[in-house]
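Comments concern the structure below.
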There are 2 protein chains.
Amino acid sequence: MMDLRLPPDVRVTESMREHCPLRDTLDRIGDRWTVIVVVLLRDGPRRFTDLRRAAAGISQRMLTHTLRSLERDGLLTRTVHPTVPPRVDYELTPAGRSLTEPLTALLHWSLRHHEHVRASRASYDDR
Amino acid sequence: MMDLRLPPDVRVTESMREHCPLRDTLDRIGDRWTVIVVVLLRDGPRRFTDLRRAAAGISQRMLTHTLRSLERDGLLTRTVHPTVPPRVDYELTPAGRSLTEPLTALLHWSLRHHEHVRASRASYDDR
DNA sequence: CCGAATCCTGACCGATACTG
DNA sequence: CAGTATCGGTCAGGATTCGG
C-alpha cells in the first residue's frame, strides 16, 4: 500500500497492504464518466435516456459500461420495468450516495478554482 | 457544460458553458498519479526521490510529468537547490493545498468502503 | 540526484450497425 | 427505449537509455 501517512486511528488491514484502497478507488472512478454519472444521480433515480442527455457527450456504449461497473461495485441499483417501451431506472445505493459527498466537494473545488488553473496554465505556456 | 443541477448560489460564467469545470478538473486529476502525489504532499514539501519512494509503483518519467503539470496549473511550486548533488523540493501552493481537502475526503471514503466494493464486485462476478 | 528523449504497448473509448 | 456487438484510433504511461 501507498505510504499515505494515515492518522493513527485508521486500522490498516492485511488486504489494504496488498491493494492500496486509494489506488483502487482512483482506478474505479478515474475513467472518463463515472464521476459525472454519480454526480448526476445524487438527487435521486434517473432513466437511461435522461442520463444520456444530461451527461453531454457520452456515448450509449460508455453510459452502459459506466452504469454496469457501478452496479457491479454495489454503488447503484438497476431496476427494469416490464413495460412497453422498456423503462430502466438507476439509483444510487447508500454506498453510492456516500460517494457523492467527496465528489460534490470536488465539484465545488472545480467551480471555485477553474479560473485560477486556466490562468496559471496559460501563463506557464507563454514561456 | 454538463447539466449538474447546481445550487442557485453558484454563478455560471460564460467560460463554464464552453468548458465544463468538473470535466476539466477530472481531466486534470483523472490520470494515474496526480491525486496520489497531491495527497503525499499535503503535510509539507518533499523531495523528488522521497516522493518516488512514497508513491509505490510510479516511474521516474511519470513522477516528473505529474509534477510538471501540477506546477503548470499553479498547484505546486518547484524549488531547485544549487547543491551537489542537486536537490529539488516540491510544495503545494495554497490552491494545491485547498485541493487536498476534497481529495482527503475521497481518501477517507476509499478506506471506509473498499471492503464493501471488493465484496460486491466478487459476488457480481460469481454470476 | 534529477530529469529529458525515445520507443512501444495495451486499454479506453468513440463510431457505427444491429436487436428485443 | 435500452441495450449488444464489433472495429479501430488515439493516447496514457511503462521500460529503457542518456545527460547535467
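The basis for the numbers below is simple: all heavy atoms, side chains too, and nothing from hydrogens, waters or symmetry mates. Letters A, B, ... are given to chains in the order of the sequence lines, protein chains preceding strands, and every chain is numbered from 1.
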Could you walk me through whether A/Ser15 and B/Glu115 pass the side-chain hydrogen bond (donor to acceptor under 3.5 Å, both in side chains) test, one step at a time?
CA-CA 9 Å; A/Ser15 80; B/Glu115 260 318 318; 3.1 Å; yes
May I ask you to decide whether A/Asp27 forms a salt bridge with A/Arg23, counting only side-chain N to carboxylate O separations under 4.0 Å?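 Result for this pair is yes, salt bridge flagged.
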* Asked: Got a salt bridge between A/Arg53 and B/Asp3, using NZ or NE/NH1/NH2 to carboxylate O under 4.0 Å?
  -> no
When the distance from [atom1] of [X] to [atom2] of [N] is rounded to whole Å, what number comes out?
| X | N | atom1 | atom2 | result |
| --- | --- | --- | --- | --- |
| B/Leu67 | C/dA4 | CG | P | 10 Å |
| B/Leu51 | C/dG3 | CG | C1' | 14 Å |
| B/Leu63 | C/dA4 | CG | P | 11 Å |
| B/Tyr90 | C/dC1 | OH | P | 14 Å |

Identify all pairs in which a protein N or O lies below 3.5 Å from an N or O of nucleotides 13-20 of chain C, and state each distance.
residue, atom, partner, partner atom, Å
C/dC13, OP1, A/Arg32, N, 2.8
C/dC13, N4, A/Arg61, NH2, 3.3
C/dG14, OP1, A/Trp33, NE1, 3.4
C/dG14, OP2, A/Ser59, OG, 3.4
C/dG14, N7, A/Arg61, NE, 3.4
C/dG14, O6, A/Arg61, NE, 3.2

Residues pairing under side chain to side chain donor-acceptor pair (under 3.5 Å) where one sits in residues 56-70 of chain A, two or more places apart or in two chains, turn out to be A/Arg28-A/Ser69
Applied to residues 81-113 of chain B, the ring-ring contact (aromatic ring centres under 6.0 Å, His included) test, sequence neighbours excluded, yields B/Trp109-B/His113
Can you pull the salt bridge (Lys or Arg N to Asp or Glu O under 4.0 Å) pairs that have at least one residue in residues 40-49 of chain A, sequence neighbours excluded?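 Passing the test, one end in residues 40-49 of chain A: A/Arg46-A/Asp50.
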field: B/Leu26 and A/Leu106: CA distance, side-chain angles, deciding distance, side chain to side chain contact (heavy atoms under 4.5 Å, CB included) verdict
entry: CA-CA 9 Å; B/Leu26 292 172; A/Leu106 191 61; 4.2 Å; yes
Footprint ends on DNA chain D, 5' to 3', for atoms under 4.0 angstrom from a heavy atom of chain A, come out as D/dC1 to D/dT6
Validation: residues 4-11 of chain A side-chain donor-acceptor distances under 3.5 Å, sequence neighbours left out:
none

(request) Tell me what B/Arg52 touches on the nucleic acid: a base, only sugar-phosphate, or nothing, going by heavy atoms under 4.0 Å. (result)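 Since no nucleic acid heavy atom lies under 4.0 Å of B/Arg52, the category is nothing.
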